[in-house]
**Q** 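Before we start, here is the structure in question, set down as C-alpha cells.
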Amino acid sequence: MPAVSKDDSTIVVSGSWLTDKVYAKSGIAEVVGYDRDKGTKSWTIDLPGPVCEASHRVTEDGKTAIIHKPAMPTKAEPQSCTEVAVLDLAAGKTAWSKSVESGGRPMSLNNVTLSGGTVAAGSTSGGIAWDVATGDELWSPKPTDTCYDAGYGGGEKLVAVRKCGTYDARQLNIQTIDPKSGKVISEYKMAKGIEYAAVVSTEPLVVAADVGDSAGDGSGISDFFSIDNKTGKLLNRISAPGDEFGASCESITEIENCRGLAVGNNRLYIATEEHEGGGESYSRTNEVVAFDLTTGKQTGERADAGDGYTITPLRMDGGNVIAYKRPPYDKGGQVVSIDGGTFKQTTLMENPATEAVRDVESRMSPDYSEIRYSQGHLYMSQVFASEPSSADDKEYLAIAFGTSG
C-alpha cells in the first residue's frame with residue numbers, strides 16, 4: 001500500500017485492469033503495470049493528481065479510461081475531478097487527456113465508460129463524449145438543455161441515464177444511443193420520482209434502481225428493469241428486495257458500478273443475502289440464483305456457496321458465470337465457474353489456507369474490493385489507500401493468486 005500522509009487520511013486508488021501482458025492498478029497519482037505472473041513493474045504512467053473514477057472496461061487494443069484530478073489535493077485546494085484520460089495499457093502511457101469548460105471553468109466529472117470507439121463521461125452538468133483513438137470531442141452539453149446525461153453504461157451498446165425535472169419530481173430516461181453521434185436509438189421513461197438508476201448491462205439492457213428508497217439496506221437496488229433496447233419497451237420489472245439479495249449498485253454518481261451479479265443467457269444471475277448455514281457451526285452462507293429476463297421470474301436453479309462460504313458473481317465467461325467464494329475462517333477463497341444451463345459448479349482455483357494468506361485475502365472483501373480473474377490468475381485490490389491502523393500492520397494495495405497449471 002502506498003504511504004498516505006496524516007493530512008490526506010484516505011486517497012482513491014480505484015481502477016484495475018487485465019491485458020494479456022499486464023495487471024494494471026491505480027496507485028496515488030499513477031497507474032502501474034505489473035507482470036501478470038511475477039508482479040514486477042512493467043511500466044508506470046504518472047498522473048498530475050489522484051484517480052477519481054476508473055472504467056473497468058478495456059478496448060480490444062488495450063485502452064481504458066479514467067477521471068483524475070489536475071493536481072495533488074491540499075487542504076486549501078482540494079481539487080475537482082476535471083480530467084478524463086485514455087490510458088494505453090499495451091504501451092504503458094497516456095494516449096490523451098482532456099477537460100471540458102462549462103461557464104468558464106472546468107466541469108467536474110462523475111463517471112466514465114467506453115463503447116464502440118467512444119469514451120463517455122457523465123456529470124451533474126451533463127455528458128461529454130470523445131473518440132477513443134483521437135480524443136476529438138463528439139458531443140457535450142448544450143446551454144439550452146433542460147435535461148442532462150448523468151452518466152453512461154458502456155460495453156456492447158452505449159446507454160445514457162438522462163435526468164429531467166427537479167429533485168422532487170425527477171424523470172429518468174434510459175436511452176440507447178449511437179456512440180458516434182449521441183443520437184437516441186430508443187428510450188424508456190422510468191416512473192416519475194425515481195432519483196437514481198444504474199446500468200447493469202447494455203446488451204441485453206438491464207437497469208437497477210431503488211424505487212421509493214425501499215431497498216432499505218444501502219444497496220441501491222429494489223428492482224431491476226429488463227428493457228428492449230431496440231424499441232425502448234419494458235420487458236419486465238424484477239423485484240429484488242434488499243433483505244433477500246446481496247447485489248449492490250453505486251447508482252448515485254457511478255452509473256456502472258454494480259456488484260454481486262452478472263447478466264448473460266437472457267438471465268440475471270444474482271447473489272442472495274447471507275443467511276445462517278446448515279449444521280451446528282452457526283456459519284453464514286448464500287447462493288446464486290437466476291431470473292429470466294423475458295418472464296421476470298426466477299428460474300428455480302441455484303448454486304450454493306457451501307457451508308461457511310459466501311459466493312459473489314464476478315462476470316460472465318461465455319455462457320458460464322465466474323464467481324468468487326469468500327471462505328470461512330480456516331480455508332482459502334475459491335474461484336468457481338457455474339454452468340449457465342445446469343448450474344453445476346467447477347472449482348477453477350483454491351487459495352492457500354495458511355493463516356498469513358488468509359489474513360491478507362480476508363481484507364479484500366468482494367463488497368468493496370476490485371476482483372479480476374482470468375486464465376487461472378486472481379487479482380484482488382483495494383479502492384482506497386489509507387494510513388495503516390497500527391505501525392506493524394502491513395496493508396496491501398493488491399494481491400495475486402495463480403494456479404500452478
Side-chain angles (χ1 to χ4, degrees), residues 56 150-151 153 155 159 161 170 172 174 188-229 233-276 284-305 309-316 321-326 338 340 343 365-368 371:
H56 61 275
V159 173
V161 175
R170 185 72 75 204
L172 289 192
I174 308 300
Y188 170 68
K189 284 181 161 21
M190 298 193 81
K192 262 215 162 58
I194 297 175
E195 193 61 39
Y196 306 108
V199 178
V200 176
S201 163
T202 60
E203 179 67 14
L205 178 50
V206 180
V207 170
D210 186 356
V211 180
D213 296 328
S214 59
D217 61 349
S219 67
I221 307 170
S222 66
D223 296 80
F224 292 96
F225 297 79
S226 170
I227 300 162
D228 182 332
N229 54 19
K233 188 170 153 285
L234 181 70
L235 299 173
N236 246 298
R237 177 170 164 173
I238 297 167
S239 173
D243 58 353
E244 291 178 40
F245 298 97
S248 65
C249 293
E250 298 275 347
S251 52
I252 294 176
T253 58
E254 298 174 42
I255 302 301
E256 261 194 323
N257 188 355
C258 293
R259 296 165 183 272
L261 44 74
V263 174
N265 307 323
N266 199 42
R267 284 173 167 55
L268 166 68
Y269 298 94
I270 182 168
T272 64
E273 199 63 78
E274 282 182 37
H275 55 81
E276 278 187 16
R284 312 285 290 170
T285 188
N286 74 332
E287 301 79 40
V288 170
V289 297
F291 286 91
D292 184 301
L293 292 175
T294 307
T295 66
K297 294 188 165 46
Q298 274 199 52
T299 61
E301 301 128 331
R302 48 184 250 177
D304 292 319
Y309 289 90
T310 50
I311 189 167
T312 303
L314 299 177
R315 61 174 175 83
M316 297 302 295
V321 182
I322 301 286
Y324 171 71
K325 286 189 181 181
R326 190 166 169 83
I338 304 167
F343 263 59
S365 161
D367 295 340
Y368 307 104
I371 302 179

**Q** Using a 3.5 Å distance criterion without hydrogens, assess whether the side chain of Arg259 forms a donor-acceptor pair with backbone atoms of Tyr368.
**A** yes
**Q** Would you mind reporting whether Arg284 and Glu276 have side-chain heavy atoms less than 4.5 Å apart?
**A**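 When only atoms from C-beta onward are counted, Arg284 and Glu276 do touch, with a gap below 4.5 Å.
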**Q** Look up atom CZ in Phe245 and atom CD in Glu273, then write down how far apart they are to the nearest 0.5 Å.
**A**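 Result: 10.0 Å between the selected atoms.
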**Q** When you measure from the side chain of Ser226 to the backbone N and O of Leu293, does any donor-acceptor pair fall under 3.5 Å?
**A**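 Yes: the side chain of Ser226 pairs with the backbone of Leu293.
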**Q** Is Asp223 salt-bridged to Arg237, cutoff N-O under 4.0 Å?
**A**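 Salt bridge between Asp223 and Arg237, a charged N being under 4.0 Å from a carboxylate O: yes.
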**Q** Is a side-chain N or O of Ser201 found less than 3.5 angstrom from the main chain of Pro204, in a donor-acceptor match?
**A** yes
**Q** What are the two closest non-hydrogen atoms of Phe343 and Ala290, and how far apart are they?
**A** CZ-CB, 3.7 Å
**Q** To the nearest 0.5 Å, tell me how far Leu234 CG sits from Leu205 CG.
**A**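 So the CG of Leu234 and the CG of Leu205 are separated by 10.0 Å.
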**Q** Hey, is the main chain of Tyr309 close enough, under 3.5 Å, to the side chain of Lys325 for a donor-acceptor pair?
**A** no
**Q** When rounded to the nearest 0.5 angstrom, what distance separates OH in Tyr269 from CD1 in Ile311?
**A**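 That separation rounds to 12.5 Å.
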**Q** Would you compute the distance between atom OH of Tyr324 and atom OG1 of Thr312 and round it to the nearest 0.5 angstrom?
**A** 8.5 Å
**Q** Between Gly155 and Thr202, which heavy-atom pair has the shortest distance, and what is it?
**A**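 Scanning both residues completely, I find the closest heavy atoms to be C-OG1, 4.2 Å.
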**Q** Do Phe225 and Met190 come within less than 4.5 Å of each other through their side chains, counting heavy atoms only?
**A**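 With C-beta onward as the side chain, the pair touches.
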**Q** Strictly by modelled atom types, are Thr295 and Asn236 linked by a side-chain donor-acceptor pair under 3.5 Å?
**A** no
**Q** Can you see which heavy atom on Asn265 is nearest to which on Gly340, and at what distance?
**A**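 In terms of heavy atoms, the two residues are closest at ND2-CA, 3.7 Å.
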**Q** Side chain to side chain contact (heavy atoms under 4.5 Å, CB included) between Ile270 and Val288: does it pass, once the steps are laid out?
**A** CA-CA 5 Å; Ile270 182 168; Val288 170; over 6 Å; no
**Q** Okay, side chain of Asp292, backbone of Arg267: is any donor-acceptor separation there less than 3.5 Å?
**A**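 Side chain of Asp292 to backbone of Arg267: no pair is present.
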**Q** Could you tell me which residues satisfy side-chain contact (heavy atoms from CB on, under 4.5 Å) with Ala150, sequence neighbours excluded, listed by chain and number?
**A** Tyr148, Lys163
**Q** Would you mind reporting whether Pro366 and Ile371 have side-chain heavy atoms less than 4.5 Å apart?
**A** yes
**Q** To the nearest 0.5 angstrom, please state how far the CD1 atom of Ile238 sits from the CG atom of Leu268.
**A**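 One finds 5.5 Å between CD1 of Ile238 and CG of Leu268.
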**Q** Taking the side chain as every heavy atom from C-beta outward, state whether Val199 and Val161 have any pair of such atoms under 4.5 Å apart.
**A**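 Yes, their side chains come closer than 4.5 Å.
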**Q** Kindly determine whether Leu261 and Phe224 satisfy side chain to side chain contact (heavy atoms under 4.5 Å, CB included), including the steps that lead there.
**A** CA-CA 11 Å; Leu261 44 74; Phe224 292 96; 3.7 Å; yes
**Q** Distance from Glu256 atom CD to Glu250 atom CD, nearest 0.5 Å?
**A**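 So the gap between those two atoms works out to 13.5 Å.
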**Q** How close do Ala209 and Ile194 get, counting heavy atoms only, and between which atoms?
**A** CB-CG2, 3.9 Å
**Q** Does any part of the side chain of Ile174, heavy atoms only, come nearer than 4.5 Å to the side chain of Asn229, both counted from C-beta?
**A**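 No. Closest side-chain heavy atoms not under 4.5 Å.
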**Q** If you take all heavy atoms of Val207 and Ala197, which pair is closest and at what distance?
**A** CG1-CB, 3.8 Å
**Q** What's the verdict on side chain to side chain donor-acceptor pair (under 3.5 Å) for Thr285 and Asp304, showing C-alpha distance, side-chain angles and the deciding distance?
**A** CA-CA 8 Å; Thr285 188; Asp304 292 319; over 6 Å; no
**Q** Quick check: closest heavy atoms across Tyr196 and Ser251, and the distance to 0.1 Å?
**A** CB-O, 3.6 Å
**Q** Just checking, any donor-acceptor pair under 3.5 angstrom between side chains of His275 and Glu287?
**A** yes
**Q** Checking Asn286 side chain against Thr272 main chain: does a donor-acceptor pair fall under 3.5 Å?
**A** yes
**Q** Are Met316 and Val321 packed together at the side-chain level, in the sense that at least one heavy-atom pair is separated by less than 4.5 angstrom?
**A**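 Yes, side chains in contact.
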